J.: 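Before I ask anything, let me first share the structure, which is written out below as structure tokens.
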Amino acid sequence: MKATNLAELYELDTLSWEPVAQTLDRGVDQVPGTSGPDRHTWWLATINADGSPHVTGVGALWHHGALWFETGASTRKGRNVARDPRCSLSLATQEFDVVLQGTAAIVDDPEVVAEMAALWAVDWPCRVDDSGIALTADFSAPSAGPPPWRVYKVTITGATVLQTVEPGGATRFEFD
């Protein structure tokens, strides 16, 4: 991993990736007053067909060093990722703000889909549908479109972290 200090101008140290990964590993609750500045939402940025950005909130999960989200194939984010898998997800926590860049891919492995469904089901009563490779539930966010919802894994290639507590700092990470 390569780390570039973005805060040398202020004589701040290069941040370490480990505390960021530990916070993400613990999980970040979206309930107000829990893990972040009163509420947490992962924001997914994809690229529209005309090259403009599309940003929307998603219920992403950090799991095994990757980010995971679900959506319907007919949604704008689903269409955008099918056309161009490059994307970024951002999150604000008490300790840091982070933007993670990577590439998204649909997960077709029924065991992995079931594993992710079980993780989401802690806070959202979803389940694997009859196909074995998609999710269904009685409800989801309006931006997810109608079921079935496919699971996407975002393989992280880079991150920018801004430490929001003392002593502060800003670092860009590039992952192999």
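For this chain, numbers begin at 1 and follow the sequence in order. All values derive from a computational prediction rather than experimental measurement.
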J.: Under the side chain to side chain contact (heavy atoms under 4.5 Å, CB included) rule, what do H64 and E115 come out as? Steps first, then yes or no, please.
T.: CA-CA 12 Å; H64 293 310; E115 177 182 7; 3.5 Å; yes
J.: Counting only N and O atoms by type, is there a donor-acceptor contact under 3.5 Å from the side chain of N48 to the main-chain atoms of D50?
T.: no
J.: Are L44 and V55 packed together at the side-chain level, in the sense that at least one heavy-atom pair is separated by less than 4.5 angstrom?
T.: no
J.: Which distance, rounded to the nearest 0.5 Å, do you find between the CG of D138 and the CZ of R127?
T.: 5.5 Å
J.: Quick one: does any side-chain atom of R150 pair with a main-chain N or O of T71 as donor and acceptor, under 3.5 Å?
T.: no
J.: Hey, quick one: are V151 and V112 part of the same hydrophobic cluster, counting side-chain heavy atoms closer than 4.5 Å, chains of contacts allowed?
T.: yes
J.: Can you tell me how far the CE atom of M116 sits from the SG atom of C126, to the nearest 0.5 Å?
T.: 9.5 Å
J.: Indicate yes or no: at least one non-hydrogen side-chain atom of S90 is less than 4.5 angstrom from one of D97.
T.: no
J.: So which atom in G65 and which in I156 form the shortest heavy-atom distance, rounded to 0.1 Å?
T.: O-CG1, 4.3 Å
J.: Applying ring pair (Phe, Tyr, Trp, His ring centres under 6.0 Å) as the test, list every pair that has at least one member in residues 155-176; sequence neighbours left out.
T.: W17-F173, W17-F175
J.: By the ring pair (Phe, Tyr, Trp, His ring centres under 6.0 Å) test, which pairs, at least two apart or in different chains, include something from residues 69-100?
T.: F69-Y152
J.: Under a 4.5 Å cut-off applied to non-hydrogen side-chain atoms, are V58 and K77 in contact?
T.: yes
J.: Given side chains that start at C-beta, do those of L67 and W42 come closer than 4.5 Å, heavy atoms only?
T.: yes
J.: Tell me whether T157 contacts the main-chain N or O of Q101 through its side chain, where contact means a donor paired with an acceptor under 3.5 Å.
T.: yes
J.: Under 3.5 Å, is there a donor-acceptor pair between the side chain of W68 and the main chain of H63?
T.: yes
J.: Give a yes or no on whether the backbone of P125 and the side-chain of W120 come within a donor-acceptor separation of less than 3.5 Å.
T.: no
J.: What is the minimum heavy-atom distance between V81 and A104, and which atoms define it?
T.: CG1-CB, 3.5 Å
J.: For N5 and L15, indicate whether the former's side chain and the latter's backbone hold a donor-acceptor pair under 3.5 Å.
T.: no
J.: Using only atom types and a distance under 3.5 Å, with no angle test, would you say the side chain of R79 pairs donor to acceptor with the backbone of S74?
T.: yes
J.: Return the set of residues passing salt bridge (charged side-chain N to carboxylate O under 4.0 Å, His left out) with D13 (not counting sequence neighbours), or none when no residue passes.
T.: none
J.: Is there side-chain contact between E95 and V161, with at least one heavy-atom pair below 4.5 Å?
T.: no
J.: Would you say the side-chain atoms of D129 and T136 include a donor-acceptor pair closer than 3.5 Å?
T.: no
J.: Do any N or O atoms from the side chain of T103 and from the backbone of P85 form a donor-acceptor pair under 3.5 angstrom?
T.: no
J.: Does W124 CH2 have over 12 foreign heavy atoms under 6.0 Å away?
T.: yes
J.: Determine, for K2 against D176, whether the closest basic-nitrogen to carboxylate-oxygen distance falls under 4.0 angstrom.
T.: no
J.: Any side-chain to backbone donor/acceptor pair from R83 onto I47? Under 3.5 Å, distance only.
T.: yes
J.: Grouping I, L, V, M, F, W and Y whenever their side-chain heavy atoms are under 4.5 Å apart, do V98 and L162 come out in a common cluster?
T.: no
J.: For a side-chain hydrogen bond (donor to acceptor under 3.5 Å, both in side chains) with T46, tell me which candidate from D84, T75, N80, T56 qualifies.
T.: N80
J.: Determine whether L135 and V113 make a side-chain contact, defined as any pair of heavy atoms from C-beta on separated by less than 4.5 Å.
T.: yes
J.: Which heavy-atom pair separates G158 from R172 by the least distance, and what is that distance?
T.: C-NH1, 3.4 Å
J.: Might you point out which heavy atoms bring V128 and A117 nearest each other, and give the distance in Å?
T.: CG2-CB, 3.8 Å
J.: How about R86: does its CZ atom have over 12 heavy atoms from other parts shown lying under 6.0 Å from it?
T.: no
J.: Taking the side chain as everything from C-beta on, heavy atoms only, tell me whether T160 gets closer than 4.5 Å to L6.
T.: yes
